[in-house]
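Only one structure is covered here, and it is reproduced in the block below.
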Amino acid sequence: MFFPILTATAAIPAIGAIATAAVPAARRTAAKWLALLFSLATLVLAAVVLVRFEPGGARYQLTESHTWIKDFGVRYELGVDGIGVALLALTALLIPFVILAGWHDADPLETKSSRWRPTQGFFAMILAVEAMVILSFEATDVFLFYILFEAMLIPMYFLIGGFGDRAHAGGDEAAATQRSYAAVKFLLYNLVGGLIMLAAVIGLNVVAGSFSLTEIAAARANGSLDMATNTERLLFLGFFFAFAIKAPLWPLHTWLPNAMGEATAPVAVLITAVVDKVGTFAMLRFCLQLFPEASKWATPVILVLALISIVYGALLAVGQRDIKRLVAYASISHFGFIVLGIFAMTTQGQSGATLYMVNHGISTAALMLVAGFLISRRGSRLIADYGGVQKVAPVLAGTFLIGGLATLSLPGLAPFVSEFLVLVGTFARYPVAGIVATTGIVLAALYTLVLYQRTMTGPVKAEVSKMPDLRARELVVVAPLIALLLFLGVFPKPLTDIINPAVEHTMSDVQKKDPQPEVEAAK
């Protein structure tokens, strides 16, 4: 009997969102446990998808296809390749930790700026985002993907604007103003990108006569669809612009530091470790597969933008005084590495970029959530307000250090493998770009170690002298993430075995082969 398991992975958190929102206002704790239960059920189902996926099998597996809007040729089509299934698993893995970490983030406050903080709504919207992100990793109908791409902005807007960070130096009214500004900026940037993408989606349907990714790709492969060069390039730009905002890529990145700075730490993780991955994933799935010639045409410019993101993001991270904004700028630098790997057009680069998406999600979640625990204790995001924390809270300081070392891609931790593959893949085809990108590694070491030194070492400041160490719930959040960073740092093979076949398909789409090393003939 056929069981629509991909639909179920998105339906469970969607049902959970509705059930959590329906819990009576006085039953806040019950709403939290219900949300956690649904997120764990989604994780179990994602694990089943991961087990059932065959790396050496068909490109898209566990497929589903049903007529949706017949008059417009829109279908409800799902399928996962190795890239999609890896990111689906990452999303399902992180959401329970996001919920646990944010356990008290939406509790009522006795302040004017918190007059709208329904706990049930907070957790319901996290589950709603999870449902839409998972479905976007599964969608093989371009119009269905577009709907999800835009719809996830709505709950994210309320999570940023309605449930912002309580550690704000400017007081209640200033905090509310900053949250509103960050939420509106997030929404406007992404809506503009989405509207341009909508025009490109319609144009693609006019040219190809279908919204189905698999049908369009098959037509291109057998020669029955011959897209004019200028048309393909314009459509590519429409898609890529939206994905570059979501990613975020310089110079379309400026919404991210505001959003991550004003959001709670768990919501900041939801933004950069989950939602933003939809942008880089879509570059691989849609840009390269639907517009191979235009992707190659735009590669030189995109590589330059990626390199600017790497260096610019790292330089601004070095100069930050706010812990959360530092992590935000570090993420911009990391997304530059991901885009660099995608458009290096080598198997090592694209495998590394996909692995980087997963590893960045885990490492950023570990660092940002521990930073959130630290900020909640002191009530400040400013680096200067800390000092000597490792003497009073050694476990918190130790986990913060591991998260930071993962961010700078220390050998033995998961991000090192992915960053190494991206650089190797880039060097093989674009050696100058590879050399420039390595400066991001040096700068990452600088901003990470300076952050740790200023917050965790030195004399113990009076304000942190009685700071408690990590509690049991917080350890449950952090310990599995640290364990994953260590495991994937020494044994990434389970992930690369899933990712590599999908990358080979992508390389075939753009008709690129890895450059062969030049070997000097023996004299």
Quiz item: Does the Thr426 side chain pair with the main chain of Val422, one donor and one acceptor, at a distance under 3.5 Å?
Solution: yes
Quiz item: Could you give the distance from OH (Tyr157) to CG (Asn190), rounded to the nearest 0.5 Å?
Solution: 13.5 Å
Exercise. Determine whether the side chains of Thr7 and Tyr76 contain a donor N or O and an acceptor N or O closer than 3.5 Å.
Key: yes
Quiz item: Within a strict 4.5 Å, meaning less than it, do heavy atoms of the Leu367 and Thr364 side chains meet?
Solution: no
Practice problem: Would you check if there is a donor-acceptor pair between the side chains of Thr254 and Tyr189 at a distance under 3.5 Å? | Solution: yes
Exercise. Go through the side-chain N and O atoms of Ser210 and Glu215 and say whether any donor and acceptor fall under 3.5 Å apart.
Key: yes
Quiz item: Taking the side chain from Lys246 and the backbone from Phe149, do they hold a donor-acceptor pair closer than 3.5 Å?
Solution: yes
Exercise. Kindly indicate whether the side chain of Leu198, heavy atoms from C-beta on, has any atom under 4.5 Å from the side chain of Ile202.
Key: yes
Quiz item: Are the side chain of Thr299 and the backbone N or O of Ser295 linked by a donor-acceptor pair below 3.5 Å?
Solution: yes
Quiz item: Hey, are the side chains of Val269 and Val274 touching, using non-hydrogen atoms and a 4.5 Å cut-off?
Solution: no
Exercise. Look at the rings of Phe286 and Phe145 and say which category their plane angle falls in: under 30° parallel, 30 to 60° tilted, over 60° perpendicular.
Key: tilted
Practice problem: Anything under 30° is parallel, anything over 60° is perpendicular, the rest tilted; go ahead and classify Tyr356 against Phe337. | Solution: parallel
Could you list the donor-acceptor pairs under 3.5 angstrom formed between side-chain atoms of residues 80-100 and any protein atom two or more places apart in sequence or on another chain?
residue, atom, partner, partner atom, Å
Asp81, OD1, Ile83, N, 3.3
Asp81, OD1, Gly84, N, 2.8
Asp81, OD1, Arg285, NH2, 3.4
Thr91, OG1, Leu87, O, 2.9

Self-check item: Asn359 backbone acceptor or donor facing Ser363 side chain under 3.5 Å
Solution: yes
Self-check item: Rounded distance [0.5 Å steps], NZ in Lys277 versus OG1 in Thr354
Solution: 12.0 Å
Exercise. Report the C-alpha distance between Met283 and Phe239 in whole Å, list the side-chain angles of each, state the deciding distance to 0.1 Å, and finish with yes or no for side chain to side chain contact (heavy atoms under 4.5 Å, CB included).
Key: CA-CA 8 Å; Met283 291 179 191; Phe239 277 78; over 6 Å; no
Practice problem: First locate atom CD of Glu504, then atom CD1 of Ile499, and finally report the distance between them rounded to the nearest 0.5 Å. | Solution: 12.5 Å
Exercise. Using atom types as modelled and distance alone, determine if a side-chain donor or acceptor of Ser309 lies under 3.5 Å from a backbone N or O of Trp250.
Key: yes
Exercise. Flag the pair Leu144 / Phe211 as yes when at least one side-chain heavy-atom distance between them is below 4.5 Å, and no otherwise.
Key: no
Quiz item: Is it true that the side chains of Ser212 and Glu77 contain a donor and an acceptor less than 3.5 Å apart?
Solution: yes
Practice problem: Report yes or no: does Glu232 contribute a side-chain atom to a donor-acceptor pair with the main-chain N or O of Glu293 at less than 3.5 Å? | Solution: yes
Quiz item: Donor-acceptor pair, Arg233 side chain versus Ala294 backbone, under 3.5 Å?
Solution: no
Exercise. Report yes if some heavy atom in the side chain of Met227 is under 4.5 Å from a heavy atom in the side chain of Leu204; otherwise report no.
Key: yes
Quiz prompt | Ser418 (side chain) donor-acceptor with Pro415 (main chain) under 3.5 angstrom | solution = yes
Quiz item: How about Phe420: does its CZ atom have over 12 heavy atoms from other parts shown lying under 6.0 Å from it?
Solution: no
Quiz prompt | Separation of Gln348 CD from Ser351 OG (nearest 0.5 Å) | solution = 7.5 Å
Quiz prompt | Within 45° cone and under 6.0 Å: Lys32 NZ/CZ vs Phe123 ring | solution = no
Quiz item: Does Lys324 come within less than 4.0 Å of Glu262, counting only side-chain N to carboxylate O?
Solution: no
Practice problem: Could you grab the distance from atom CD of Glu64 to atom CG of Leu6, nearest 0.5 Å is fine? | Solution: 5.0 Å
Exercise. Starting at CG of Leu191, measure out to CG of Leu187 and round the result to the nearest 0.5 Å.
Key: 4.0 Å
Quiz item: Only one of Gln289, Gln350, Met345 forms a side chain to side chain contact (heavy atoms under 4.5 Å, CB included) with Thr506, so which one is it?
Solution: Gln350
Quiz item: Can you find a pair of side-chain heavy atoms, one from Leu369 and one from Leu481, that are under 4.5 Å apart?
Solution: yes
Quiz item: Can you tell me if Trp255 uses its side chain to pair, donor with acceptor, with the backbone of Ile245 under 3.5 Å?
Solution: yes
Quiz item: Would you say Trp68 has more than 12 foreign heavy atoms packed within less than 6.0 Å of its CH2?
Solution: yes
Quiz item: Can Leu284 and Thr280 be said to form a side chain to side chain contact (heavy atoms under 4.5 Å, CB included), step by step?
Solution: CA-CA 7 Å; Leu284 278 166; Thr280 46; over 6 Å; no
Quiz item: Taking it one step at a time, do Thr20 and Ile126 satisfy side chain to side chain contact (heavy atoms under 4.5 Å, CB included)?
Solution: CA-CA 10 Å; Thr20 302; Ile126 289 175; over 6 Å; no
Self-check item: Those residues that, when tested against Tyr430, pass side-chain hydrogen bond (donor to acceptor under 3.5 Å, both in side chains) (two or more places apart)
Solution: none
Practice problem: Tell me yes or no: between the side chains of Thr346 and Arg429, is some donor less than 3.5 Å from an acceptor? | Solution: no
Quiz prompt | Any side-chain heavy-atom pair of Phe427 and Ile435 under 4.5 Å | solution = yes
Quiz item: With no hydrogens and no angle check, is any side-chain donor or acceptor of Ser333 less than 3.5 Å from a backbone partner on Gly313?
Solution: no
